[in-house]
Amino acid sequence: MILDQLVWPLALVLAALVLGPYLLAVLDGLVARGLGLTRGPGLWLAPLRRGAWWLIQHTNVTEAPDGRAWRLAPALYLALAAGGLALVPWSRAWVATDIATSLVLWGSIEALATVVIFLQGWSANTHLTLVGAYRYVALGLSYILVSMFVLIGVALPAESLALTQVIISQQELWNVLRQPLGLPLFLIVGLAITFRGPFNLADSTDLAGGTSADVSGAQRLVWEFARSAMLVAFSGIATAAFLGGWLGPWLPGPLWVAFKMLAVLALLAWLGPAFARLTPEHCVSLMWVVLLPLAFVDLIWAGVEALS
Amino acid sequence: MELLLFFVILILSLGAGLLLQWWPSRHHPMPTYPQRAPFLGGGLPDTHAWSRFHVRYYPMALLLIAFEMEMMFMYPWAVVYVAQGMKAVMEMGMFLAILSVGILYGWREGVFRWQ
Amino acid sequence: MAVSWLARLAACAPVPVFPALGMRGEEALYRLALSPEIKLVDSPRHASLLLVAGGVPPSMQQALRRVHDQFPAPFTTLWYRSTPLVELPRAAVTTVDSLDALPGALVESHGSLLRNTVGHSPRLLPDAPPHPWQGLGDDGHGGEGMMGGVPYGRPMAMPPTEDLRDGLALDVLTFRLGPFFPLWPPGLEAEVILQGDIIQQFSVQSSPFPRALAPVFHEAREQSVAIAALERARARHHLQALFHALHLAGLEGLARDALRLADRCPSGDIALLAKWFKTFERRMKRRGFFALHLPERGALRQEQAERLGGFAARAAGIDRDARTEDDGYRRLAFATITQQAGDTRARWRQRLAEIAQAFDLAARAQRDDMRTAQTDAVETPRGAWRDSRPGGTSPLLEDLLPGLEWGEALASLASLELAALSPWPREERAETQMGGAA
Amino acid sequence: MNPPLAVDIAFILLALFAVYTGWRVFRTDSMVRASFFLLLSFIAVGAIMLLLSAMYLGAAMFFMMGVEMMVMALFMVMFMMNPAGLNPMMMVHQHRLAIGAGIASFVIVAAMALLARFPHRPLPADLQEVESLGNELLGESMLIFESAAVVLLATMIGVVVLSSQRGRYGNAGEGSMPPGLDPGGEPAGMPEKDDEDDGGHHHCH
């Protein structure tokens, strides 16, 4: 009883929290290798080496930062990512937080992530980080609607806001096929919440690193780690919402979940660097004018499909 | 029970994040003033960065608030959608159509562009 | 012992290098961008090494000291064809003069820094706030009132008289950027006034360092040279410029591809080059490089375009090219390419078209071994070089950039070439060598 | 039911946290901090709702407040002097009135909580909170629900009209000109004489 409800889910969440970002870093390394940015041996060690360098480098302080908020922001981002992972059902029995409204709770994690990313850029009290922070808020306030519509779409056939019910409703057909627009739209949300690739408005190159421009050392390590962890959490939610979670033949559920999460991560790691970064203005227009109507269409599709 | 575990996970990760930042830098001295100046490629700022920052997307932010209110009605709607059938379709269709007018109007007036 | 174990792990990490480019320092940047063991970063906060490449004029040494002092410990410095600051101790300085030895020297420096065998660089500037403030004034913030004083050593931002776009006058941020800001031409120093993320005012304080061209352009002013060599050098120049724009757009892989193509330009097989370039261009379009640049952003007025000359003028619809006056080019049936819009996007379209044209010209000229016929006007990538070299035109930024969003402004800047032409050609050594390797 | 002791402890801790962060809102100098302290306070209240098994309302509270406090921070920073509290400042005005009003409302609310007779109606154990909410929206409260849509539409249009500088015919400050009824004709629906300097008022709608 205790083992099923507490120990195993906790162990799985913590394992995903530690291993997931590491594997994502390895995947990123593979993609970078494909683009010809790095080469040579040490694919598996490279993330550890980078992490070691960040641990050794001193943490920067600016002239008049909001010191507490600045240190708190990466840790809070990590906590939000962990909270997201806690919602992921690993199997029918092993769910760390199996509540009736886990989809809404994930939505609130997305909303709070915007706050935390803003805080990271704001607290440094430097020019480039500040611009990065405000830019990200434009994106963060826009993608959230797309995310809500898409997730409500998966709640329709499940008749529930709990992720476990969403998975059970996919027994016959996974949502990725049943609602073909859903997963692509949701993947865009994933890139946006971790500001990767075309949606890297927060830590962009034109701001010399944006919200990270004046961050160094261990704080940067936690920030990058949390950013990866958030993508891992996102991939867990995407797996549950669209890829049938633990459903799958032969293997035990948690393994299926892990495989599907890895597949989503690999797809996102590959998609991220493939596109040029959008300008903030473009991003906002894209979200409201293109993706939001598409999310409407997805919802209508899901509605029609659920009734038939 | 679920909430307890959620809470434990939050606290654990928050603590780990803070510890990981604090532990390596606990003996580091305070950096010098020149190091703490904002990085501007060798240039210097006249003022602090914190200011009445001119957000260029404020109409969008306000529009979002109104829209998000409405979204909160959609979650309970989604749960009873299949059970209520056509009635739910009609009602939400009307609701969304009314609000789409708002977005269309905003778009027409250039709300999603930088002011 | 945990620390030494960590340090050994960190010593093998890709070397994070912040390049501070002086005069004629670009070649080091292009070489390091293609070295997999080096990671070029845009902020000193992310680096363990300060690489100063090229000469730094005395007027900019104070700015260099400031950048130097912004590195978090531990870090050290490496000087490539540059004179180290006198106050740096010998232990914290490595000098390198050979481009081939540079990546190795950087890796070595990073390793020994973490193994504690090389000295950490000391702080150069005095540890004092920009303004004295503690205990002064009525609230101990060095002044009076809620907005007055210099809390933490700096005054607070104040509102301007008006705003360019929506008339809502909020605070402006005034700061000087450069000369070592890695995302714009080295040497450019400007006072920027931002309102939100829109540039309200931009005043250039020092122009970018003069840009050295391939020697073949200088030769062409003195004697007849092979058109193929000239066109190859032109393509190479534009491809290298493209590297900066692609980096700015976050397309790191493509940026490296541009540099790889550029490196093959001097001696690679021209047909192959043209084919690779076509693939490269297609990929660039597919990945949304052009979508990044909104229409009409960074558009030059007619007289500005004329003053700039070269590809920027042609991108604005001015059909002028010194190559049309040359008999050698005429025999190749050279025709100028022009765009109409004159904005950032048009400039990149123009440059891409000119690269393709350069490969085409080079291929045909090479077949018949065509040479230039005149020496009194040479079309350089920077513009026509007639009686005098094209000079610096950075003051036009003061007109061009205000009203643009920060990212758009930097993208516009990257699409232009504003530096004067250096009187001395770039050294050929690196080029022949890369050619040999390719 | 759940182990009541743990729930009680959590409730007390969260309530104290909510009150503490609510108090900090007025004691900090920074607008951003004030906004996010308020957010923390709301989050604590949302967590209390979760403890009361109001799963939907609690999670919705996090969601709504996350977005709303973010927007509030944007606007607070835009329009307040000394937004980051670099100089010391006082967040509250009219101390005496504020303290009096605070105490009075506390006493009233506390008295209501202690003295009012709450009906004892234990909820059925299998109550589906979200579903009953949905059925309510599609049942008796349908009119309210639909009129909410109209109110929100009015809000949206009001927001756009009041805040957007850029009208569909160009910047509002430039004096907008609707297109003519026939090509090249007089602007449609214009007053006889257009007042040039209307001080940034909007007439773009």
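The figures that follow rest on heavy atoms only: side chains count, while hydrogens, waters and symmetry mates do not.
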Atom pair CZ (B:Arg56) and CD1 (C:Ile198), whose distance is rounded to the nearest 0.5 Å:
4.5 Å
Report the option among [options] that has the most heavy-atom pairs separated by less than 4.5 Å from atoms of chain B.
options: C:Leu170, C:Val192, C:Leu194; value: C:Leu170
options: C:Ala63, C:Ala128, C:Pro126; value: C:Ala128
options: C:Phe181, C:Phe71, C:Phe180; value: C:Phe180

Which atoms of C:Leu64 approach chain B - backbone, side chain, both or neither, heavy atom under 4.5 Å
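For C:Leu64, no heavy atom lies under 4.5 Å from chain B.
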Is the backbone of B:Tyr33 close enough, under 3.5 Å, to the side chain of C:Asp127 for a donor and an acceptor to pair up by distance?
yes
Taking everything shown except B:Phe7 itself, do over 12 heavy atoms lie less than 6.0 Å from its CZ?
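Open.
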Neighbourhood of chain B inside residues 41-59 of chain C, taking heavy atoms under 4.5 Å as contact:
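Counting heavy atoms that sit under 4.5 Å from chain B, the residues of residues 41-59 of chain C involved are C:Asp42, C:Ser43, C:Pro44, C:Arg45.
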Would you please name every residue forming a salt bridge (Lys or Arg N to Asp or Glu O under 4.0 Å) with C:Arg123, sequence neighbours left out?
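Once residues adjacent in sequence are excluded, C:Arg123 has no partner under the salt bridge (Lys or Arg N to Asp or Glu O under 4.0 Å) criterion.
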What parts of residues 36-46 of chain B touch chain C if we use heavy atoms and a cut-off under 4.5 Å?
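Against chain C, the residues of residues 36-46 of chain B that fall inside the cut-off (heavy atoms, under 4.5 Å) are B:Arg36, B:Ala37, B:Pro38, B:Phe39, B:Leu40, B:Gly41, B:Gly42, B:Gly43, B:Leu44, B:Pro45, B:Asp46.
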Does the side chain of B:Pro34 reach to within under 4.5 Å of the side chain of C:Gln70, using non-hydrogen atoms?
no
Residues in ring pair (Phe, Tyr, Trp, His ring centres under 6.0 Å) with C:His68, at least two apart?
C:Phe75
Which heavy atom in B:Ala49 sits nearest to a heavy atom in C:Leu173, and how many Å separate them?
O-CD2, 3.3 Å
